[in-house]
Number of protein chains: 2
Amino acid sequence: MDVHLRELRYFVAVAEELNVTRAAERLFVSQPALSKQLRVLERQLGFGLFERVPSGVALTRQGEALLPVARDLLGRWAAGVEEARAAAPAGTLVIGMQTAVGRGLQQAALRRFRERLPGWEVSLRLVGWDDPSGGLSDGSSDVAFIWLPVPPGVRTHVVATEGRGVAMPADHRLAGLAEVPFPALRDEPFIALPAVAGPLRDFWLGLDARDDEPVVGVTANTPEEVFEAVTSGLGVVLVAEGNAELYSRPGLAYRPVTGLPPGELAIAWREGDRRPQVVAFIDALRQVATKV
Amino acid sequence: MDVHLRELRYFVAVAEELNVTRAAERLFVSQPALSKQLRVLERQLGFGLFERVPSGVALTRQGEALLPVARDLLGRWAAGVEEARAAAPAGTLVIGMQTAVGRGLQQAALRRFRERLPGWEVSLRLVGWDDPSGGLSDGSSDVAFIWLPVPPGVRTHVVATEGRGVAMPADHRLAGLAEVPFPALRDEPFIALPAVAGPLRDFWLGLDARDDEPVVGVTANTPEEVFEAVTSGLGVVLVAEGNAELYSRPGLAYRPVTGLPPGELAIAWREGDRRPQVVAFIDALRQVATKV
DNA sequence: CTTTGCTATAACCATTGGCTATGGACGTGC
DNA sequence: GCACGTCCATAGCCAATGGTTATAGCAAAG
């Protein structure tokens, strides 16, 4: 029969205390719970471990025989787990990012990731929008935080869904509005992602909500370039609500835009990539995102 | 953290098959159940044991490190249990009896007792009624099947409750009745237990149902003596219904008696006696009696 | 005889471990 | 490129388990 090591731990504690009540206190369970578990164990074994005497319990001959076995198993298990934990192949997980992630996600996920794969390091790298896969396509990133839509060959798990808004200079004529209807931006020059960004560039130009071609004032390849261009009056740009918070600065105004579906930020990985460090991070992030 | 050895057995099976589906078949559980258990184990450990690949699973470095630990624990546990089982102090349990026990009880209880304390032998000994404790008082029996009422210093667990009837010669004038009212026996000479049986002798004379003194024809000290006296026409005797079945013979008639409370057969042991072999037998009998 | 200390059982309830059904991912063959 | 087969993972459900509190039974001490 298979036994739970917890039952062995209970057995050892009772054997050392020779008193179920004291052992229960030591184990932080109630006395009836411990009494019951011992009875269950004895029944499973088919022989008694203790003789009940008025002052508590006494080990039977068979209990005496099993006690060192129980101690041995508990010790070997604890040591074995530590050894296995230390056997983690250390390395570096490269996380690509198109924008800062923030949103309380990455820190908690990284903690869980490191617990699961002790010894592993993490490298964060900002990837320009000229690579909409966040570095996955050329293998320079192991996982990446990127916005949908994503290129072929990439798998995703959405971790945040946010409304899109417009970032504009603080003195822009539309800055007086609480929220901006998308058609009001029809004639505004836009700051766009590079052409090679394809569908991603289209998304942040709002092409899903218009059928004419927007005016593109300038292209930018990183969030810093984008927001610098905005405050310099070179155009406006659609951004995710969360990013507006992350990149807020003097001279910049952000207003929600009505009439646009929201943007989705996802953790992404290469199709078919099941390496432990990738799976571990994705799982950690799933758990963290679920709790948010 | 404590683990169930069943989980380690699952881990080992999957590690050997490198395929959760095949391992599940080998373990006689469903594939989703096994998959789930592995996930739980990995989460408890805080690191992965397997990398999921298209053809099944591959052991991670940490899984490889833990595999021998798991095998070792399983092997040591199995061996330790066998060793402890064999450590049972062999001896002989002496069971005293005032009458044959029959009733399907003893055989099943003895089987369970032997399973729990392998190597122990059992000795059955018939104890005369001159000792109403069935041999417990002088320590010649470890446990005893005796009828209530019992002497001081004896603890009991009732295993059968049966109506009392009268045993008489087959040609007795009352043998024509289907059942005998107790007052009809008022003038019959009784076969009695020895005087030292005290309350037990009184009980089987039916003193709890009459206030005059019965006529005692003869005393007898064992069931054989009792029934031989009956068929020899020396008197009648109150007996338990089950005993009438056990001791039936030519020339003997048994009829239920109305107006008498039933008799109770119990397994008995000395007050304060918690020796393993005594507890084991009492427990075994409790389980058997419960299922009847 | 009463009180104290100890283990065991009953009733209850949240969690666990198993099931079936089915989804998602990947490789292979056409 | 699509359909199919194989594999693992998740969802929903339910019986069994492991914990609780309340309390019973037993033995020793005062």
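Both backbone and side-chain heavy atoms feed into the values below; hydrogens, waters and symmetry mates do not. On a predicted model such as this, the values are computed, not experimentally measured, just so you know. Order of the sequence lines fixes the chain letters, A, B, ..., with proteins taken first and strands second; residue numbering starts at 1 for each chain.
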* **N-O pairing of B:Arg61 and B:Glu64 below 4.0 Å** => no
* **d(CG, B:Leu49; P, D:dA9) in whole Å** => 12 Å
* To do: Side chain of B:Ser35 only, please: which of D:dA27, D:dC8, C:dT7 is the nearest?
  => D:dC8
* State whether B:Arg52 places a side-chain N or O below 4.0 Å from either non-bridging phosphate oxygen (OP1 or OP2) of C:dA25. => no
* Would you indicate which nucleotide in C:dC6, C:dA21, D:dC8 comes nearest to any side-chain atom of B:Pro32? => C:dA21
* Examine D:dA28: is either OP1 or OP2 under 4.0 Å from a nitrogen or oxygen in the side chain of A:Ser55? Give yes or no. => no
* Asked: Separation of A:Phe28 atom CZ from D:dT20 atom C1', in whole Å?
  -> 17 Å
* Closest to side chain of B:Lys36, choosing from D:dC8, C:dG17, C:dA21 -> C:dG17
* To do: Ignoring the backbone of A:Thr21, work out which of C:dC6, D:dC8, C:dG17 is nearest its side chain.
  => C:dC6
* Asked: Within this structure, what is the CD-to-C1' distance between B:Gln44 and C:dG17, rounded to whole angstrom?
  -> 12 Å
* **Integer-rounded Å distance: D:dC26 P and B:Arg270 CZ** => 17 Å
* Asked: Using 4.0 Å as the upper bound for N to carboxylate O, is an ion pair formed by A:Glu121 and A:Arg114?
  -> no
* If you measure from the Lys or Arg side-chain nitrogens to the Asp or Glu carboxylate oxygens, is any gap between A:Glu16 and A:Arg22 under 4.0 Å? -> no
* To do: Return yes if the base of C:dA8 and the side-chain atoms of A:Gln31 contain a donor-acceptor N/O pair under 3.5 Å, otherwise no.
  => yes
* To do: Take the protein atom CZ of B:Arg43 and the nucleotide atom C1' of D:dT10, then report the distance between them rounded to whole Å.
  => 11 Å
* Asked: If each of B:Arg22 and A:Asp283 is mapped to the nucleotide of DNA chain D with the nearest heavy atom, which maps nearer the 5' terminus, i.e. the 5' end?
  -> B:Arg22
* To do: Answer yes when B:Arg125 and B:Asp142 have at least one side-chain N-carboxylate O distance shorter than 4.0 Å, and no when they do not.
  => no
* Is any NZ, NE, NH1 or NH2 atom of the basic residue among B:Lys36 and B:Glu42 found under 4.0 Å from an Asp or Glu carboxylate oxygen of the other? -> no
* Asked: So do B:Leu265 and B:Glu162 actually touch side chain to side chain, heavy atoms under 4.5 Å?
  -> no
* Spacing of B:Glu51 atom CD relative to D:dC7 atom C1', expressed in whole Å -> 15 Å
* Expressed in angstrom and rounded to an integer, what is the separation of A:Ile282 atom CD1 from D:dC8 atom C1'? -> 17 Å
* If you check the A:Arg6 side chain, which of C:dG18, D:dG19, D:dT10 turns out closest? -> D:dG19
* Base, sugar-phosphate, or nothing for B:Phe50, non-hydrogen atoms under 4.0 angstrom? -> nothing
* Asked: If you check every side-chain atom of A:Gln37, which of C:dT7, D:dA27, D:dG19 has the closest atom?
  -> D:dG19
* A:Asp2 has an atom CG; how far is it from atom P of C:dG18, in whole Å? -> 11 Å
* Taking only the side-chain nitrogens and oxygens of A:Ser30, find out if one of them lies under 4.0 Å from OP1 or OP2 of D:dT20. => yes
* Asked: So which nucleotide from D:dA28, C:dA8, D:dT20 ends up closest to the side chain of A:Val29?
  -> D:dT20
* **Residue closer to the 5' end of DNA chain D, B:Arg155 versus B:Val57 (nearest nucleotide)** => B:Val57
* Asked: Between A:Glu271 and B:His4, which has a closest nucleotide on DNA chain C that is more 5'?
  -> B:His4
